[in-house]
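In what follows, a structure is listed as structure tokens, so that the remarks can point back to it.
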Amino acid sequence: MPELPEVETTRLGLKKLIVGQKILSAHIYQPRLRWPVPEHLLNTLDEQRVAGISRRGKYLLIEFKNGTLVMHLGMSGSIRVVDSELVLKKHEHFELKLSNNTSLRLDDPRRFGAVLWQNKGDMLPLLKSLGPEPLSDNFNANYLFECSRNRTQNIKTFIMNAKIVVGVGNIYAAESLFLSKISPKTSAGKISLKRYQVLTQSIKLILSEAIKNGGTTLKDFSGVDGKPGYFAQKLLVYGRANAPCEKCNGTIKKIVQNQRSTYYCSQCQK
DNA sequence: AAAGACACCTGGGAGC
DNA sequence: TGCTCCCAGGTGTCTT
């Protein structure tokens, strides 16, 4: 599912709807997500007011006075805010009932998502090991160039590594490399500083554009209002195996790298 | 230390 | 209709 733009779309939607609201009650309908959903949340969140909402990579951070609710959407997760009376969907595993009679609900069929708690002043080990935000100035050509030296790994797998940079998943990795004219098969360690300049700019551009379009909806993803994102129509290589390349009219190829599908144009990308 | 394989799960679509 | 197989926006952990 959701890569950074979809999580950011969710965050922006939630910001308007839940910040300032008080939690009437929390409900865990299915505790078995990626990790067990902590039961203490039922007490911890009771009567707490939502102070703010931020994001770190693909993690959503809902802030309270006593700590932070950390949520991840995994592959198939989405969050909606609906009337609390609305009948529960089959895979809605977690719910926060809010003081204005609406509810935040996490829907996640595959259950690769997560709901965790972080105490005030603490940082979950999960978040500690993350690389820089791709849209920040810390993420730049020099940085990528330096940490790629002596790496034999292909560039696509490399930029999907959250320890290197967060938020770049399978769709946007493919799109960014296409825009940069870099073959996904190239070893990260063999790419020049100049090409990393192009790549970092491409990643920033693709992610920003996707956010503007409300993210990419392939199947499960929707914004908090239940509406899909519109970036799928703008994808140039992802999911387009055997279709003509928009730039050179060659044929888009599909290969497997690191057990994930990669789409690219072998004529445009060297 | 780095790279690759595997694990966790459900549902949709293709092919028979 | 229904079965089997393959595929899917992620990422921590284990093995080489």
Side-chain angles (χ1 to χ4, degrees), chain A residues 1-11 29-37 55-60 70-79 89-94 106-116 124-131 134 147-176 184-190 203 206-207 209-211 213-223 228-235 237-242 254-263:
Chain A
M1 118 24 112
E3 301 185 34
L4 185 146
E6 292 73 41
V7 179
E8 182 63 9
T9 297
T10 301
R11 187 187 76 82
Y29 304 113
Q30 168 57 276
R32 298 176 58 204
L33 301 187
R34 178 83 201 257
W35 297 281
V37 179
R55 178 186 59 70
R56 179 74 177 96
K58 297 173 190 167
Y59 292 90
L60 268 178
V70 178
M71 301 181 84
H72 195 288
L73 301 178
M75 285 281 260
S76 58
S78 60
I79 290 173
K89 288 169 69 178
K90 185 177 177 185
H91 298 291
E92 286 180 335
H93 306 313
F94 180 76
L106 172 68
D107 189 329
D108 185 8
R110 291 178 73 181
R111 291 196 268 126
F112 290 166
V115 177
L116 299 167
L124 293 176
L126 226 49
L127 301 180
K128 275 185 187 160
S129 57
L130 297 177
C147 60
S148 64
R149 291 311 89 183
N150 299 322
R151 293 273 198 146
T152 57
Q153 199 172 43
N154 67 70
I155 185 62
K156 193 239 188 181
T157 304
F158 183 70
I159 57 173
M160 286 180 67
N161 181 350
K163 290 180 178 146
I164 303 299
V165 56
V166 296
V168 182
N170 208 32
I171 295 178
Y172 301 112
E175 296 298 314
S176 304
K185 296 189 201 171
T186 311
S187 290
K190 290 187 178 164
I203 290 172
I206 290 282
L207 294 177
E209 285 298 308
I211 291 168
N213 284 271
T216 297
T217 296
L218 296 180
K219 207 168 62 165
D220 301 292
F221 178 73
S222 71
Y230 297 103
F231 199 69
Q233 289 117 309
K234 307 202 174 189
L235 299 176
V237 287
Y238 184 87
R240 299 191 64 243
N242 302 319
K254 177 181 176 179
I255 58 172
V256 174
Q257 294 180 297
N258 199 28
Q259 302 167 148
R260 310 293 301 274
S261 292
T262 298
Y263 301 86

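So you know, we letter chains A, B, ... as the sequences are listed, proteins then strands, and number each from 1. On a predicted model such as this, the values are computed, not experimentally measured, just so you know.
- As rounded to the nearest Å, B/dC6 and C/dC6 have P atoms that lie 15 Å from one another.
- A/Tyr172 and A/Phe231 have tilted rings, their planes meeting at an angle from 30° to 60° on a 0 to 90° scale.
- Side-chain atoms of A/Thr10 and A/Pro2, non-hydrogen and from C-beta on, never get closer than 4.5 Å to each other.
- Taking a pair as Watson-Crick or G-U with both hydrogen-bonding distances under 3.5 Å, the stems of three or more pairs touching DNA chain C are B:2-8 with C:10-16, B:10-16 with C:2-8.
- Separating the CG atom of A/Leu116 from the P atom of C/dT11 is a distance of 13 Å, rounded to the nearest angstrom.
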N/O-N/O pairs, protein side and nucleotides 7-11 of chain B side, under 3.5 Å:
residue : atom : partner  : partner atom : Å
B/dC9   : OP1  : A/Arg32  : NH2          : 3.3
B/dC9   : O3'  : A/Arg111 : NH2          : 3.0
B/dC9   : O2   : A/Arg110 : NE           : 2.9
B/dC9   : N3   : A/Arg110 : NH2          : 3.4
B/dT10  : OP1  : A/Arg111 : NH2          : 2.9
B/dT10  : O4'  : A/Pro109 : O            : 3.3
B/dT10  : O3'  : A/His91  : NE2          : 3.4
B/dG11  : OP1  : A/Lys90  : NZ           : 3.0
B/dG11  : OP1  : A/His91  : NE2          : 2.6

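- Counting all heavy atoms, side chain and backbone alike, A/Asn170 lies closest to A/Arg260 at CB-NH2, 3.7 Å.
- Rounded to whole Å, the distance from CE on A/Met75 to P on C/dC6 is 17 Å.
- No donor-acceptor pair under 3.5 Å is formed between the side chain of A/Glu3 and the backbone N or O of A/Pro5.
- Using modelled atom types, no side-chain atom of A/Asn258 and backbone atom of A/Thr157 make a donor-acceptor pair closer than 3.5 Å.
- When each of A/Leu126, A/Leu124, A/Leu116, A/Val7 is tested with A/Tyr59 by the rule side-chain contact (heavy atoms from CB on, under 4.5 Å), just one qualifies, namely A/Leu126.
- Two residues are said to be in side-chain contact when any heavy atoms from C-beta on lie closer than 4.5 Å; A/Asp107 and A/His91 meet this criterion.
- Across all their heavy atoms, A/Tyr263 and A/Ala174 have their closest contact at O-CB, 3.8 Å.
- Across the P atoms, C/dT11 and B/dA1 are found 23 Å apart, a figure rounded to whole Å.
- Taking atom CG on A/Asp108 and atom C1' on C/dG10, their separation rounds to 11 Å, with Å as the unit.
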Between N or O atoms, less than 3.5 Å apart, protein on one side and nucleotides 1-4 of chain B on the other: list the pairs.
residue : atom : partner  : partner atom : Å
B/dA3   : OP1  : A/Thr152 : N            : 2.8
B/dA3   : OP1  : A/Thr152 : OG1          : 3.2
B/dA3   : OP1  : A/Gln153 : N            : 3.1
B/dA3   : OP2  : A/Arg151 : NH1          : 2.8

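- The separation between A/Ile159 atom CD1 and C/dG10 atom P is 12 Å, rounded to whole Å.
- Summary of the strand contacts: A/Tyr59 and A/Lys254 both lie near DNA chain C, and taking for each the nucleotide with the nearest heavy atom, the more 5' one is attributed to A/Lys254.
- Judged purely by atom type and a 3.5 angstrom limit, A/Glu175 uses its side chain to pair as donor or acceptor with the backbone of A/Val237.
- When heavy atoms are screened at a 4.0 angstrom cut-off, A/Tyr238 is found touching the sugar-phosphate backbone but no base atom.
- Looking only at distances, no side-chain donor or acceptor of A/Gln257 sits under 3.5 Å from a matching main-chain atom of A/Lys156.
- Protein atom CG of A/Leu126 is 9 Å distant from nucleotide atom C1' of C/dT11, rounded to whole Å.
- Rounding to whole angstrom units, CH2 of residue A/Trp35 and P of C/dT11 are separated by 9 Å.
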Check against side chain to side chain contact (heavy atoms under 4.5 Å, CB included), A/Leu73 and A/Lys58: CA-CA 8 Å; A/Leu73 301 178; A/Lys58 297 173 190 167; over 6 Å; no
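- The backbone N or O of A/Ile206 lies less than 3.5 Å from no partner atom in the side chain of A/Glu209, so there is not a single donor-acceptor pair.
- Look at CG on A/Asn170: it is 13 Å from P on C/dC7, rounded to the nearest Å.
- Within 4.0 Å (heavy atoms only), A/Phe231 reaches no atom of the nucleic acid at all.
- Neither OP1 nor OP2 of C/dG10 sits under 4.0 Å from any side-chain N or O of A/His72.
- Atom-to-atom, NZ of A/Lys128 to C1' of C/dG12 comes out at 17 Å; the value is rounded to the nearest Å.
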